[in-house]
Amino acid sequence: MATSGARYAPVSLVTTVLNDLEGCRAFFAAMERQTLCPREIVVVDGGSRDGTWEFLQAYCPRLDYRLVVAREDGCNVARGRNLAIQRATHDIIVSTDVGCQWDDRWLEELAAPLLEDATLEAVMGSWMVRYEDLPDVWARVEFAMHREFALRATATAHASSRAIAYRKRLWERLGGYPEDLTLAADDMVFALLLHATTTRVAGAPTPRCFWERPATLRRFRREAERNFFGAGEADIWRTYGLLVGGRLLAEILAWPVGLLVSAVEIVWLGRLPVIGGLLLLAGATLTALRLWRLRTALARYRERGGHGGWWRIPLFDYATKWSALRGYWRGWWQGRRRCRDCRQRLRRRGVSPW
């Protein structure tokens, strides 16, 4: 165990993991290079079967921090985070996700404001996606969809729990992460509850946590469906579900319905397809407007040497939005019974579903 030159702080770093042995190795290597080292790292395993749990049990820290590992088979991410924080012995909690990458100053910039100001209760962390880390053409398509694929956190930002710090007593006041959500959106709910509870919040605006992205369109679709399923369960973002969903449904249905109505008008009614023509015109207008909005993404994709953007970018947009909306409304319906506690907590804090 090496201690020479290391700076430590009374901070508990918490994370969860499931079947990510290489991610765990990268996590410890990155945390042991931090300019400020936590006095404690707590990792909760959700039931790994790939050797991750055995690695965690056998891992010997190279710096002088306390390593706590726990396991609960089948626990979701929210449950894992709550278990990790329950085991934490320090008031300052820094949270992240195994599977990211981190700059050496990441933890220091999140923890320092809380160490320096006893009245501060939370620090919203920044993150970004780096182009050089992208694994596949579909990840580069997603990257092109954003002017800057990053969150540069302010005090009012809704930070992901891959990069956030807060006091344990605030976590207790909030009631922890919502464990009745199936898998996703627990950190968004936590951020919404946090901002509805306290204004003693700061932002760490420099992205020092780097989010890794999937490699296939299928995995992007599954991610979108999973994340929006959680948002639906929590009953947040209704505006997205209704407006984006309504427009996409109208755009998709306008073509076949317009053709069917046109055929009825021509064949059975023996007249010009007025109504059918209007439906087809509406479909063409909605599609043209979507393609017009995607033109900047196509330009960014081509600037970096991407090929096939004229069909990849619209396909990515349609596929991920459809998956997101399907997940959202499935989650919203199931959440009526399964996620009452989460929804009630949000409403009690005055968080709007819209």
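Excluded from the calculations below are hydrogen atoms, water molecules and symmetry mates; all remaining heavy atoms, backbone and side chain alike, are included.
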May I ask you to say whether Arg173 pairs ionically with Glu121, meaning some side-chain N is under 4.0 Å from a carboxylate O? yes

Is Arg300 paired with Glu303 through a side-chain N to carboxylate O contact shorter than 4.0 Å? no

Under the side chain to side chain donor-acceptor pair (under 3.5 Å) test, which residues partner Thr15, sequence neighbours left out? none

Ionic contact status for Arg49 with Asp73, cut-off 4.0 Å: yes

Ignoring hydrogens and angles, state whether a donor on the side chain of Tyr65 or Glu32 is under 3.5 Å from an acceptor on the partner side chain. yes

Under 6.0 Å between the ring centres of Trp329 and Phe228? no

Verify the distance criterion only: is there a donor paired with an acceptor across the side chains of Glu212 and Gln101 at less than 3.5 Å? yes

Could you list the residues that satisfy side chain to side chain donor-acceptor pair (under 3.5 Å) with Ser323, not counting sequence neighbours? Arg221

Electrostatic pair Arg33-Asp104, nearest N-O below 4.0 angstrom: yes

SB check Arg345 Asp180 (cutoff 4.0 Å): no

Using a strict threshold of under 4.0 Å (side-chain N to carboxylate O), is an ion pair present between Asp133 and Arg213? no

Checking side chain to side chain contact (heavy atoms under 4.5 Å, CB included) between Pro207 and each of Glu148, Met128, Arg130, which is the one that passes? Met128

Thr285: what forms a side chain to side chain donor-acceptor pair (under 3.5 Å) with it, not counting sequence neighbours? none

